[in-house]
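Proteins get letters first, then strands, A, B, ... in listed order; numbering begins at 1 in each. Bear in mind the structure is a predicted one, so any value in this text is a computation, not a measurement.
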Amino acid sequence: MTNTIPRVRFAPSPTGLLHVGNARTALYNWLFAHRHGGLFLLRIEDTDLERSEVRYETQLIEDLHWLGLNWDGGPGAEYEPDTGDHGPYRQSERLHIYAEHTERLLAEGKAYRCFCTPEELEAERKHAAATHGSQVYSGRCRNLAQEEIDLNLAAGKQFAVRLRIPDHPLRFNDIVRGPVEFAAETVSDPVLVRSASGASGGVPVYNYVVTIDDALMGITHVIRGDDHISNTPKQVAIYEAFGWPVPQFAHLSTILGPDRERLSKRHGATSISVFRQMGYLPEAMANYLALLGWGAEDGKTETFTLEELVPLFSLERVTASPAIFDFDKLNWLNRHYIKLADPDRIAKLAERQFILQKPGIFPLWSSNELYTAETIALLASLDPPIHLDIPSQEEIAQRKAWLAQLLALFLPKVDYLAQLPVKAAFIFGIDPDAAHADPENSAILSTDSARAVLSELAGRVRAHTGKVTADDFKTWINEIKSATGANGKDLYHPIRIALTGSHSGPEFDKIIPLIEEGAAMGIAIPTVHDRIEQFVGV
RNA sequence: GUCCCCGUCGUCUAGCCCGGCCUAGGACACCGCCCUUUCACGGCGAUAACACGGGUUCAAAUCCCGUCGGGGACGCCA
């Protein structure tokens, strides 16, 4: 065989949202292809007609693109250099191909018809579990006489097609784990094609089609999850039956939750689209996934872009042991990339979180610029005219500047963007009763000094007219300091509680303008005056 | 139960293939200190691991065997 370029594929089934484990598999395939100048294909494994849904395929493609991955063939590919030779890329569209191959195996005696009913097989399995434990198919239909087969067929008996597993050990090379060998006796004759009854009747089975597809698509390296290891000997037998070369395999270890069980929804977010909605950045996600089961050669570098990853990546360096998904480390990377990211991009994403969590604060219009002056004028000139209540460019700019101020204060406090409205909640008002009731707060507020500080503050706030500036506030604090003798925490804590509901938070210099300017531009925020009045009134 | 895979700090990992440079390196988290009215950010620092038992060898995290522990597969699911 001549030197062909490596060809890899990611072959998900569209039966649910893209799980982080599969996303990592996709990423490693992508990295491998790019590292070696190979081709990366996306193939949709939709042979389970009952569970496959188109919307999952659409979502899958979107999630993969979001992560920064692209592919050279398959649905959503940017270009398809070899659709003619290797497509289509949905298994449901390849059924005729599989049928031809089945005929061939049957004719050559490498596969046989199995007339066992599901009930019979179930009983066999139960019996095996109770007695010897090895749940290998008995091979009852393996060597039926031709007359018997004809008789069954004539009687209209349903049959599945099974592969005859050869009697030598089945071996393959795993780049991550080294050579692996299965004794023939431990491998069941796998069903290749389902029997005719049922919704998926007559449809070939995953293990079979995956092998045919991989072979026909010229896949040289099969990179997938390690839950497929025990399928591999069956697939090797299929390659052999057809006389095809067996590709290299690389089985990636499972991703576990903190309790060492397979990562699942009860551990928290597991779907790429959920992380995305929570406000994780794709570069953080990709970087984290790359690190889960792989490490750079220097043993030190941990932050990379996809482009930086490409020349460093190699399957030989992929870890064989299972990895526990560490949300803390993901968060660290996300914070890291939030700091590096273009502020406008973060602002847009942040705004979306506010729109979803605090409707009315950032009306939808501020996040898009769809309405140009021309559009507005055109609509107004119609008969009857349509008037859009659109704020001016200045107003929009104002709000953006205000958001930028807010982000400067709260971005350093969040792990992901959905936390923003929560961390900044006090800006939009506090519950004075709850603030008083908090045990830590009430301890601070119960001193005479605190009472004096707040009454001094209330007096000054009442006497003041117009916007309170950061300088005003600073002056007041100094005055209160000399009037009451309070200093340090005794001085600042009560004031901070009155203003924000908590004794800790960003500096007054930053909070005061944010509150006052926000209120002035029409955002529903209680002013400093209202806050203090309300708080001391309780 | 049978088969397969895996086992270095709490977590992700470097080192393992090609024994000595490993009194085992980095990162996240945790803890402490500094900065700071406070919180966060940032800076500095500390604690912390070769699953266990046998070999082989002058020398083992590294090679061999066994034990234990964890995970996966055993479907006419993918």
Novice: When you measure from the side chain of A:Lys329, which nucleotide among B:rC76, B:rC3, B:rC28 comes out closest?
Specialist: B:rC28
Novice: Show your reasoning for whether salt bridge (Lys or Arg N to Asp or Glu O under 4.0 Å) applies to A:Asp214 and A:Arg43.
Specialist: CA-CA 10 Å; A:Asp214 284 343; A:Arg43 189 174 68 223; 2.9 Å; yes
Novice: In whole angstrom, give me the gap between the C1' atoms of B:rC12 and B:rA49.
Specialist: 13 Å
Novice: Under a 3.5 Å cut-off for both distances, is B:rC63 Watson-Crick or wobble paired, and to whom?
Specialist: B:rG55
Novice: With the criterion set at under 5.5 Å between ring centres and under 30 degrees between planes, would B:rA78 be stacked on A:His228?
Specialist: yes
Novice: Toward the 5' end of RNA chain B, which comes first, A:Val191 or A:His503, by nearest nucleotide?
Specialist: A:His503
Novice: Which whole number of Å gives the distance between the C1' atom of B:rC6 and that of B:rU67?
Specialist: 16 Å
Novice: Return the nucleotide paired to B:rG1: Watson-Crick means purine N1 to pyrimidine N3 with N6-O4 or O6-N4, wobble means G-U with N1-O2 and O6-N3, both under 3.5 Å.
Specialist: B:rC74
Novice: Determine the Euclidean distance between corresponding C1' atoms of B:rC63 and B:rG45; express it in Å to zero decimal places.
Specialist: 39 Å
Novice: Ignoring backbone atoms, test whether A:Lys339 places a side-chain nitrogen or oxygen under 4.0 Å from the OP1 or OP2 oxygen of B:rG42.
Specialist: yes
Novice: Taking the six-membered ring of A:Phe159 as reference, does the cationic atom of A:Arg113 (NZ for Lys, CZ for Arg) lie under 6.0 Å from its centre and within 45° of its axis?
Specialist: yes
Novice: The side chain of A:Asp227 is closest to which nucleotide in this list: B:rA73, B:rC12, B:rC76?
Specialist: B:rA73
Novice: With heavy atoms under 4.0 Å as the rule, sort A:Ser13 into base, sugar-phosphate or nothing.
Specialist: sugar-phosphate
Novice: Categorize A:Glu316 for me: base, sugar-phosphate, or nothing, with a 4.0 angstrom heavy-atom threshold over every strand shown.
Specialist: nothing
Novice: Using heavy-atom distances to pick each residue's nearest nucleotide on RNA chain B, tell me which of A:Ala160 and A:Gly293 is more 5'.
Specialist: A:Gly293
Novice: By nearest atom, which of the nucleotides B:rU13, B:rA78, B:rG10 is closest to the A:Ala323 side chain?
Specialist: B:rU13
Novice: Using the side-chain contact (heavy atoms from CB on, under 4.5 Å) definition, which of the options A:Val453, A:Asp490, A:Asp448 pairs with A:Thr484?
Specialist: A:Val453
Novice: Can you see if the side chain of A:Arg125 gets near the phosphate of B:rG75 - specifically, an N or O under 4.0 Å from OP1 or OP2?
Specialist: yes
Novice: Confirm from the modelled atom types if A:Lys300 and B:rA27 form a donor-acceptor pair under 3.5 Å, side chain to base only.
Specialist: no
Novice: Do the side chains of A:Arg496 and A:Glu440 get close enough for a salt bridge, i.e. N-O under 4.0 angstrom?
Specialist: no
Novice: Is the distance from OP1 or OP2 of B:rG42 to the nearest side-chain N or O of A:Arg335 less than 4.0 Å?
Specialist: no
Novice: Would you say a side-chain N or O of A:Arg317 is under 4.0 Å from OP1 or OP2 of B:rG15?
Specialist: yes
Novice: Between B:rU11 atom C1' and A:Ile255 atom CD1, what is the distance in whole Å?
Specialist: 14 Å
Novice: Would you classify A:Arg262 as touching base, sugar-phosphate or nothing, given that sugar-phosphate means primed atoms plus P, OP1 and OP2, and contacts are heavy atoms under 4.0 Å?
Specialist: sugar-phosphate
Novice: Can you tell me the Watson-Crick or wobble partner of B:rC18, both distances under 3.5 angstrom?
Specialist: none
Novice: Report yes if a donor N or O on one partner sits less than 3.5 Å from an acceptor N or O on the other, where the partners are the side chain of A:Ser188 and the base of B:rC74; otherwise report no.
Specialist: no
Novice: Given B:rC76, B:rC28, B:rC12, identify the nucleotide with an atom nearest to the side chain of A:Ile324.
Specialist: B:rC12
Novice: Considering every strand and a 4.0 Å limit on heavy-atom distances, what is the contact class for A:Leu411: base, sugar-phosphate, or nothing?
Specialist: nothing
Novice: Which nucleotide, in any strand shown, forms a Watson-Crick or G-U wobble pair with B:rC35, with both distances under 3.5 Å?
Specialist: none
Novice: Should A:Arg335 and A:Asp415 count as an ion pair when the cut-off is N to O under 4.0 Å?
Specialist: yes
Novice: Check every atom of B:rG75, B:rC4, B:rC6 against the side chain of A:Gln135 and return the nucleotide holding the closest atom.
Specialist: B:rG75
Novice: Show your working on ring-ring contact (aromatic ring centres under 6.0 Å, His included) between A:His228 and A:Tyr206 and close with a plain yes or no.
Specialist: CA-CA 11 Å; A:His228 289 288; A:Tyr206 167 82; 5.6 Å; yes
Novice: Using 30° and 60° as the class boundaries, would you call the ring planes of A:Phe249 and A:Tyr239 parallel, tilted or perpendicular?
Specialist: perpendicular
Novice: Among B:rC77, B:rC5, B:rC28, which nucleotide sits nearest the side chain of A:Arg51?
Specialist: B:rC77
Novice: Between A:Phe325 and A:Phe327, is the ring centre distance below 6.0 Å?
Specialist: yes
Novice: Within the structure shown, what part of the strands sits under 4.0 Å from A:Thr319 by heavy-atom distance: base, sugar-phosphate, or nothing?
Specialist: sugar-phosphate
Novice: Can you check the distance between B:rC21 and B:rC16, where both ends of the measurement are the C1' atom (answer in whole Å)?
Specialist: 16 Å
Novice: Begin with the C-alpha distance, continue with both residues' side-chain angles, and end with the deciding distance and a verdict on side chain to side chain donor-acceptor pair (under 3.5 Å) for A:Tyr89 and A:Asp213.
Specialist: CA-CA 9 Å; A:Tyr89 293 97; A:Asp213 288 343; over 6 Å; no
Novice: Please measure how far the C1' atom in B:rC31 lies from the corresponding atom in B:rC22, and state the result in whole Å.
Specialist: 26 Å
Novice: Measuring only the C1' atom in each nucleotide, how far is B:rG42 from B:rU36? A whole number of Å is fine.
Specialist: 11 Å
Novice: Using a heavy-atom cut-off of 4.0 Å across all strands, would you classify A:Glu302 as base, sugar-phosphate, or nothing?
Specialist: base
Novice: Atom CH2 of A:Trp294 to atom P of B:rA27: distance rounded to whole Å?
Specialist: 17 Å
Novice: Pick base, sugar-phosphate or nothing for A:Phe182, based on heavy-atom distances below 4.0 Å to the nucleic acid.
Specialist: sugar-phosphate
Novice: Report the nucleotide, chosen from B:rA29, B:rA78, B:rC5, that has the shortest atom-to-atom distance to any side-chain atom of A:Glu45.
Specialist: B:rA78
Novice: What is the separation between atom CD1 on A:Ile427 and atom C1' on B:rC39, rounded to the nearest whole Å?
Specialist: 13 Å
Novice: A:Arg177 has a side chain; which of B:rC6, B:rC12, B:rA78 sits nearest to it?
Specialist: B:rC6
Novice: Any donor-acceptor pair, under 3.5 Å, between the side chain of A:Asn231 and the base of B:rA78, if you only look at N and O atoms?
Specialist: yes
Novice: Does any N or O in the side chain of A:Asn173 come within less than 3.5 Å of the main-chain N or O of A:Gln248, such that one atom is a donor and the other an acceptor?
Specialist: no
Novice: Could you state the CG-P distance from A:Leu263 to B:rG71, rounded to the nearest angstrom?
Specialist: 14 Å
Novice: For the pair made of NZ in A:Lys126 and P in B:rC74, what is the distance, rounded to whole Å?
Specialist: 17 Å
Novice: So A:Arg496, base contact, sugar-phosphate only, or nothing? Heavy-atom distance under 4.0 Å.
Specialist: base
Novice: Take the protein atom CD1 of A:Ile495 and the nucleotide atom C1' of B:rC39, then report the distance between them rounded to whole Å.
Specialist: 17 Å
Novice: For B:rA78, does either OP1 or OP2 sit under 4.0 Å from a side-chain N or O belonging to A:Arg194?
Specialist: yes
Novice: Looking only at atom P, what distance separates B:rG66 and B:rG20, rounded to whole Å?
Specialist: 25 Å
Novice: My understanding is that a pair needs two contacts under 3.5 Å, Watson-Crick or G-U wobble. By that rule, which nucleotide pairs with B:rC68?
Specialist: B:rG7
Novice: Between B:rU8 and B:rC3, how many Å separate the two C1' atoms, rounded to a whole number?
Specialist: 28 Å
Novice: Please pick, from B:rC5, B:rA78, B:rC76, the nucleotide with the shortest atom-to-atom distance to any side-chain atom of A:Arg162.
Specialist: B:rC76
Novice: Using a 4.0 Å heavy-atom cut-off across all strands, classify A:Lys423 as base, sugar-phosphate, or nothing.
Specialist: nothing
Novice: Go through B:rU11, B:rC76, B:rA40 for me and flag the one nearest to the A:Arg260 side chain.
Specialist: B:rU11
